[in-house]
Participant: 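Sharing a structure with you now.
Whatever order the structure lists them in is the order used to number ligands and atoms, beginning at 1.
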Amino acid sequence: MNDDWQRFIDTCKNCNACGLRQYAKNVVVYRGGLNAPLMVIGEGPGEQEDIKGLPFVGPSGMLLQNLLASYGLEGNNSHICNIVKCRPPNNRRPEPSEIRTCKQHLAAQFRLVRPKVILLCGSVAYEAFFGVKPVMREIRGVFIEKNGYYIMTTFHPAFALRNPQAKIPLYEDVGKVRELLEKLGELPPLEND
Ligand code: URA
């Protein structure tokens with residue numbers, strides 16, 4: 001890990017810019033590759049993530065992990081993080097002011113990772129990015145191109161755990177992400193066995 005990354009992580013860990021830090025056990029920055037072609041962004045750490053200091057390691061993380069792994073997008077191929085880096089008490093939605101405050105860290109993280117594709121998980125991530133509440137059935141599964149990178153929003157894995165009918169579209173969306181990364185020359189064709 002180079003100095004820029006270390007400085008970034010230290011900045012996140014020492015941040016008290018919003019009220020969330022006082023309740024959190026850990027500041028949850030990322031897991032996965034530092035220069036991954038895919039950045040996966042969720043809402044905020046839950047209980048397990050807060051305990052372990054890593055994003056998406058609870059039940060919804062297991063689903064996400066399986067989805068990514070089924071397309072060879074696990075490990076160094078993806079950089080997994082959240083809109084806010086500290087757990088909101090009782091897993092409530094992060095407040096707009098908390099999202100605004102934490103966005104400086106996400107922007108710095110984006111500049112370090114330099115992903116080609118961003119997968120936003122759920123409506124909170126979409127709203128944090130685009131500033132408007134999404135109608136999921138209208139925006140889900142579609143790439144938006146911005147300054148040479150591509151953003152797709154899909155269902156949050158926690159939503160798919162509560163609504164199993166969302167699992168297939170979620171799986172298909174991750175498949176589209178793999179396809180695009182191959183088309184962009186970021187990953188080799190997936191070998192089927
Ligand atoms: N839900 C999220 O949005 N992020 C996590 O890290 C875990 C659950």
Participant: Under 3.5 Å between some N or O of ligand 1 and some N or O of Gly44?
Facilitator: yes

Participant: Looking at the rings of His79 and Phe110, which for Trp means the six-membered one, are their centres under 6.0 Å apart?
Facilitator: no

Participant: Return yes when Ser60 approaches ligand 1 closer than 4.0 angstrom through a heavy atom, no otherwise.
Facilitator: yes

Participant: For Tyr150 and Phe143, take the angle between the two ring planes, folded into 0 to 90°, and tell me which bin it lands in: parallel under 30, tilted 30 to 60, perpendicular over 60.
Facilitator: perpendicular

Participant: Please list the nearest protein heavy atom to atom 4 (N) of ligand 1 with its residue and the distance rounded to 0.1 Å.
Facilitator: Asn82 OD1, 2.7 Å

Participant: Give the atom numbers and elements of ligand 1 that come within less than 4.0 Å of a heavy atom of Pro55.
Facilitator: 6 (O)

Participant: What atoms of ligand 1 come closer than 4.0 angstrom to any heavy atom of Gly42?
Facilitator: 3 (O)

Participant: From atom 1 (N) of ligand 1, work out which of Lys52, Glu47, Glu43, His156 has a heavy atom at the shortest distance.
Facilitator: His156

Participant: Hydrogens and angles aside, do Arg87 and Gln48 bring a side-chain donor and acceptor to less than 3.5 Å of each other?
Facilitator: no

Participant: Fit a plane to each ring of Trp5 and Phe8, take the angle between them on a 0 to 90° scale, and name the class: parallel (under 30°), tilted (30 to 60°) or perpendicular (over 60°).
Facilitator: perpendicular

Participant: In a check of salt bridge (Lys or Arg N to Asp or Glu O under 4.0 Å) between Glu98 and each of Arg93, Lys85, Arg92, Arg21, which one passes?
Facilitator: Arg92

Participant: If you measure every N or O of Pro45 against every N or O of ligand 1, does any of those distances drop under 3.5 Å?
Facilitator: no

Participant: Do Lys13 and Asp10 sit within salt-bridge range, that is, some charged N less than 4.0 Å from a carboxylate O?
Facilitator: no

